[in-house]
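All remarks here apply to the structure that follows.
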Amino acid sequence: MPRALITGITGQDGQHLAELLNSKGYDVFGLVKGQNNPRIAGVLEQFPFVEPVSGDLADLSSLVKAIGLAQPDEVYNLGAVSYVAYSFTHAELTADISGLGVLRMLDAIRMVGGLDDSSIRFYQASTSEMFGEVRETPQTEMTPFHPRSPYGCAKVFGHYITMNYRESYDMFACSGILFNHEGPRRGLEFVTRKITNAVARIKLGLQDEIVLGNLDSKRDWGYAGDYVRAMWLMLQHDTPEDFVIATGETHSIHEFLDLAFAEVGIDDWQPYVRQDPKFLRPAEVDVLTGDASKAKEVLGWEPEVSFAQLVKMMVENDLEVEAAKAHLHG
Ligand code: NAP
Ligand code: G4F
């Protein structure tokens, strides 16, 4: 059986990837941080096939130990401080975990696997945030980076150090430049889930309004379940290469609100949405649109869930979750 170690196992993508690899017969190991975290234990309960291994991307020796224990054929580095707004107020932490954490994991692989052993395949979770103030549209693997947040800057370092270790030490190390991807497991701090959760609660009479920041930004939103398939395909390819993963469509937050509210029968959402400058960022990424032609041609990857299906799936899930919670408490 192939063996995989996933960092960020408790996050949205970690959960989807763990399920995918389990369905393919992998032994799945998940890096978990902290000495006793009930939230993590709660998430892992849903994935009894995942073998937890203790470790933190801030601590090289813990990563060396985790690789030694898991003896993985593949490492998926999904762990990060991933919330862009938080990265502005926690810039050093973000640089440490989302940037230097990549270097530590690459070094841990070399230390355990042997300095010239390229047998462990490494996936780095790069991001469309690296394009930031975009230099061209759509963005491809060749588009120059111009990050607009401490998170984007940290990820640019992670991206280049992955490329550098591939070129310097012949490692099978590659990066997926993934555009925004969402789903029912998305954290409540991100705009899509914040909206679908609030829409469900408004429909159920549990909340009156949603307070948001910039409604004009546009994103290329896909479904997380489709995107983890691309991660796996990259590590099965003959050569380590970087790939853009995106739908190629861009939509505004206005459009997301239109579909989400329509799903619960509300045509005019204006009375339910308030804007507050506290949700504006010091620098914004206005619009992202990815070109995933390379992944389609080389890996045979295609997204399966459309934007409309994604919004519907998220609203339906939040209606179920919030109704169950209300029933439990009421
Ligand atoms: P997420 O839900 O925010 O999950 C982040 C994960 O990182 C959590 O499991 C978290 O663990 C873990 N983590 C945080 N600090 C850590 C540390 N010091 N050591 C080890 N693990 C740590 O993120 P996601 O949406 O699944 O995204 C997965 C990866 O893809 C991230 O690297 C993200 O930056 C990148 N990415 C995401 C998107 C997207 O649209 N979702 C797009 C492009 C790239 P705890 O639960 O213990 O905090
Ligand atoms: O949902 P967001 O916080 O996602 P963002 O900033 O695009 O980052 C996500 O996608 C990246 C890929 O490009 C990942 F690398 C990253 O880890 C993360 O998963 O914000 C989306 C847009 C922004 O323009 C933001 O300003 O929504 C705008 N927005 C407006 N009101 C809001 C809100 N964002 C949040 N989170 N909360 C609001 O109230």
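Ligands are counted one by one from 1 in listed order, and the atoms in each one are counted from 1 as well. What you are looking at is a predicted structure, and each value in this text was computed from that prediction instead of being measured.
Where the criterion is an N or O separation shorter than 3.5 Å, residue side chain and backbone included, Asn180 fails it with respect to ligand 1. Close N/O approach between Leu178 and ligand 2 is not found [any backbone or side-chain N/O within under 3.5 Å]. Backbone and side-chain nitrogen or oxygen atoms of Gly11 are examined, and one is located within less than 3.5 angstrom of a nitrogen or oxygen of ligand 1. At under 3.5 Å, a nitrogen or oxygen of Leu57, whether backbone or side chain, sits near a nitrogen or oxygen of ligand 1. Not one N or O of Ser126 is nearer than 3.5 Å to an N or O of ligand 1, by distance alone. The distance criterion of under 3.5 Å between nitrogen or oxygen atoms is not met by Glu182 with respect to ligand 1.
Distances below 4.0 Å separate heavy atoms of Thr127 from the following atoms of ligand 2: 11 (C), 12 (C), 13 (O), 14 (C), 15 (F). If you number the atoms of ligand 2 from 1 as listed, the ones under 4.0 Å from a heavy atom of Ser82 come out as 16 (C), 17 (O), 18 (C). Counting atoms of ligand 2 from 1 in the listed order, those under 4.0 Å from a heavy atom of Glu189 are 35 (C), 36 (N), 37 (N). Annotation for ligand 2: atoms under 4.0 Å from non-hydrogen atoms of Arg186 are 9 (C), 18 (C), 19 (O). Shown in contact with Glu284 at under 4.0 Å from a heavy atom are these atoms of ligand 2, numbered in order with element: 23 (C), 24 (O), 25 (C), 26 (O).
When non-hydrogen atoms are compared, ligand 1 lies under 4.0 Å from the side chain of Lys33 (C-beta onward) but not from its backbone. Contact annotation for Ile253 and ligand 2: only side-chain heavy atoms (C-beta onward) come within less than 4.0 Å of the ligand. Proximity of Ser217 to ligand 2, defined as any heavy-atom pair under 4.0 Å, is confined to the side chain (atoms from C-beta onward).
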request  = Could you walk me through whether Met111 and Leu63 pass the side chain to side chain contact (heavy atoms under 4.5 Å, CB included) test, one step at a time?
outcome  = CA-CA 10 Å; Met111 286 173 185; Leu63 299 180; over 6 Å; no
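When the options Tyr83, Phe131, Tyr151, Phe179 are ranked by their closest heavy atom to atom 14 (C) of ligand 2, first place goes to Tyr151. When the options Asn214, Val84, Val81, Leu212 are ranked by their closest heavy atom to atom 30 (C) of ligand 2, first place goes to Asn214. With distances taken over non-hydrogen atoms, the option nearest atom 7 (O) of ligand 2 out of Arg219, Met130, Glu182 is Arg219.
Closest to atom 10 (C) of ligand 1 among all protein heavy atoms lies Thr10 OG1, 4.0 Å. Counting protein heavy atoms only, atom 23 (O) of ligand 1 is closest to Ser82 OG, 3.5 Å.
With a 6.0 Å cutoff to the six-membered ring centre and a 45° limit on the axis angle, Arg3 does not count as a cation-pi contact of Phe29. For the pair Lys312 and Phe307, the cation-pi test (distance below 6.0 Å, angle within 45°) is failed. Judged by the 6.0 Å distance and 45° axis criteria, Arg193 is not positioned over the aromatic ring of Phe190.
Two residues are said to be in side-chain contact when any heavy atoms from C-beta on lie closer than 4.5 Å; His181 and Asp226 fail this criterion.
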